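Okay, structure first, notes after.
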Amino acid sequence: ATMTLTDEQEAGLIEAAREAGKHAYAPYSDYQVGSALLFDDGAIITGSNVENASYGLALCAETVAVSRAFGEGRRGGLIAPAVTGPPDKGDGAPITPCGRCRQVLNEIAQLGGTDPLVLCVGKGEVRRVLLSELLPHAFGPAHLV
Ligand code: THU
């Protein structure tokens with residue numbers, strides 16, 4: 001079931017993502033990303049990107065946040081992930097999760113039967129898109145049973 005967020009919930013979630021972005025370890029790209037996942041019990045779990053001297057091993061903020069959620073025992077209940085980029089980079093357009101992160105988000109979404117509303121945060125704009133729009137016809141855990 002998809003839920004709508006109140007303005008307050010949305011603002012709080014975006015603020016949590018921005019705060020998480022401050023902890024990004026991104027010395028190679030200098031592109032700090034923050035992510036915050038809102039769950040149906042009100043919990044917010046955050047993550048930021050973690051790069052590596054072996055560049056290709058970088059972990060995106062969304063993947064780190066989902067991993068933290070799994071590590072805390074969550075197996076569903078994801079309502080809304082938010083993602084923020086650095087304020088001073090790019091053209092200010094909303095930043096959307098990369099392809100791999102869409103798949104990673106889909107795992108926890110499908111487990112709980114939700115179609116999360118993804119908040120893609122830009123300079124002056126928040127783009128709200130369902131995960132199913134970002135990743136149509138997703139492969140997921142249900143295919144394996
Ligand atoms: N990155 C994220 O953390 N999330 C995204 O959705 C896009 C890209 C990170 C990966 C890398 O550390 C840096 O941004 C530049 O690509």
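Atoms within each ligand, like the ligands themselves, are counted from 1 in listed order. Just so it is clear, the model here is predicted, and its values are computed rather than measured.
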Exercise. Should Asp30 and Lys89 count as an ion pair when the cut-off is N to O under 4.0 Å?
Worked result: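 Salt bridge: yes.
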For this session: Look at Arg74 together with Asp40 and state whether they make a salt bridge at an N to O cut-off of under 4.0 Å.
Result: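 No.
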Exercise. Should the ring pair Tyr25 and Tyr28 be called parallel, tilted or perpendicular, given that the plane angle runs from 0 to 90° and is split at 30 and 60?
Worked result: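 Answer is perpendicular, since the angle exceeds 60°.
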Exercise. For ligand 1, what is the set of protein residues having any non-hydrogen atom at a distance below 4.0 Å?
Worked result: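 If the criterion is a heavy atom under 4.0 Å, then ligand 1 touches Ser29, Tyr31, Val33, Asn49, Glu51, Cys60, Ala61, Glu62, Thr96, Pro97, Cys98.
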For this session: Check which hydrophobic residues are tied to Tyr31 through side-chain heavy-atom contacts below 4.5 Å, counting indirect links as well, and list them.
Result: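 Result for Tyr31 is Val33, Val83, Ile95.
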Problem set entry | Any donor-acceptor pair under 3.5 Å from His23 side chain to Ala20 backbone |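 No, the answer is negative, given that no donor and acceptor are paired below the 3.5 Å cut-off.
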Problem set entry | Under 3.5 Å donor-acceptor, Arg128 side chain and Val126 backbone |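 Confirmed, Arg128 side chain pairs with Val126 backbone.
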